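Report on the following structure.
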Amino acid sequence: MLGVSFSFGQQLNISLDKEEVKIGEPFTLTYSVISTVKLDSIVYFEYNDIFPGKNSSDIEKEGINVTYDIEISKGFSDTNYQDGKDFIWTGSYELIAWDSAFVIIPPEIITIEDSIFIFPAGLIHVLSPEINATQPIYDINESFTELPSKSAFLQFIKQNWLWVTIASVLLIAVGIYLIRRSQKEPTPLSLREKTLAQIDQLEKSRAYEVNLKEYYFELSVILRRFFADHYQSRVMDKTTAEIEVILAKNGLDKEMILLTRQLLMQSDLVKFAQSVPELQEIQNVTNNARQVINEIADLYLKDEK
């Protein structure tokens, strides 16, 4: 199966090595970009353990938004090469499906030279394995173990009363120790609480009165660390455009993405363009950083429900 999309000189393809597979049978999903110019910068965020498909078997009842998790049996691998006048990038997964359905491979986002492109969707039919009627059906042989009588238990207690007493005392002591230890351990802060506390501490330090560039730099680092820990992705060395791709891919709305861009760009202006904002603007930027963190954390909680 092959899907093709054309975007400003680039040809975006999706291919599946099989149109139908049985449950548990591996198949290969391949994305490719064919360009007439050299592909110097390509950013694609691969999946690690699960590829998020969509179940289209009950379109009339539930639509195609029913999640269908596809196991990634071999991790994502990609390569660049030249074929004649064409420059080609390909990336592949080996996948395994574990439930019968018509499974949609949703459109995927890729960034080429700081521009966002979308691969076309794909479709694969996952079939249940055929039942061999010639194979015999075997009964399950059950065996039962007789429980010892109450008198045998009492006899054991009488014969080993000393060791039983010592073991009971030790168990009680360990239980008391664990209860007291658990009561003393403080509840760890969530990522949202820890990040907001860092912003509060930075704001209370009034570091902008001493070194404004350092204050904006620390604020941008706090934001980037939050993105990296929340999305489990390398963010510290990425550009603002690449961070926007990550945010969009994870469902953040356009207003919050625009606000994040303004925050990071404001930091860059102060660091490199010698811009000197007013105190009210500094406070607004700090509050905007809090708003972005709360929006992302709320979105995660909503998805969990």
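Keep in mind that this is a model prediction, so the values were computed, not measured. For the numbers below, each heavy atom of this structure counts, side chains included, while hydrogens, waters and symmetry mates do not.
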All side-chain contact (heavy atoms from CB on, under 4.5 Å) counterparts of I172, not counting sequence neighbours
I176
Sequence neighbours excluded, which residues qualify as side-chain hydrogen bond (donor to acceptor under 3.5 Å, both in side chains) partners of S77?
none
Taking salt bridge (charged side-chain N to carboxylate O under 4.0 Å, His left out) as the test, write out the residues that go with E255, two or more places apart.
none
How would you list, by chain and number, every residue that makes a salt bridge (charged side-chain N to carboxylate O under 4.0 Å, His left out) with D237, sequence neighbours excluded?
R234
Which donor-acceptor pairs under 3.5 Å do side chains of residues 112-119 form with protein atoms, sequence neighbours excluded?
unit_1, atom_1, unit_2, atom_2, d
E113, OE2, D40, N, 3.1
E113, OE2, S41, N, 3.1

Go through the structure and list residues passing side-chain contact (heavy atoms from CB on, under 4.5 Å) with S168, not counting sequence neighbours.
V164
Results of side-chain hydrogen bond (donor to acceptor under 3.5 Å, both in side chains) for E25 - residues two or more places apart only
K18
Less than 3.5 Å apart, which donor and acceptor atoms pair up between the side chains of residues 91-99 and the rest of the protein, not counting sequence neighbours?
unit_1, atom_1, unit_2, atom_2, d
S92, OG, T30, OG1, 3.0
Y93, OH, Y44, OH, 3.0
Y93, OH, Y47, N, 3.0
E94, OE2, S73, OG, 3.0
W98, NE1, E71, OE1, 2.7

Residues forming a salt bridge (charged side-chain N to carboxylate O under 4.0 Å, His left out) with E244, sequence neighbours excluded:
R261
Applying salt bridge (charged side-chain N to carboxylate O under 4.0 Å, His left out), can you list everything that pairs with E203, at least two apart in sequence or on another chain?
R290
Which residues pass the side-chain contact (heavy atoms from CB on, under 4.5 Å) test with Q291, not counting sequence neighbours?
M256, L259, N288, E295
Measure the spacing between CD1 of I42 and CG of D78 and express it to the nearest 0.5 Å.
8.0 Å
Name all residues meeting the side-chain contact (heavy atoms from CB on, under 4.5 Å) criterion together with L127; count only those two or more places apart in sequence or in a different chain, and write none if there are none.
E20, H125
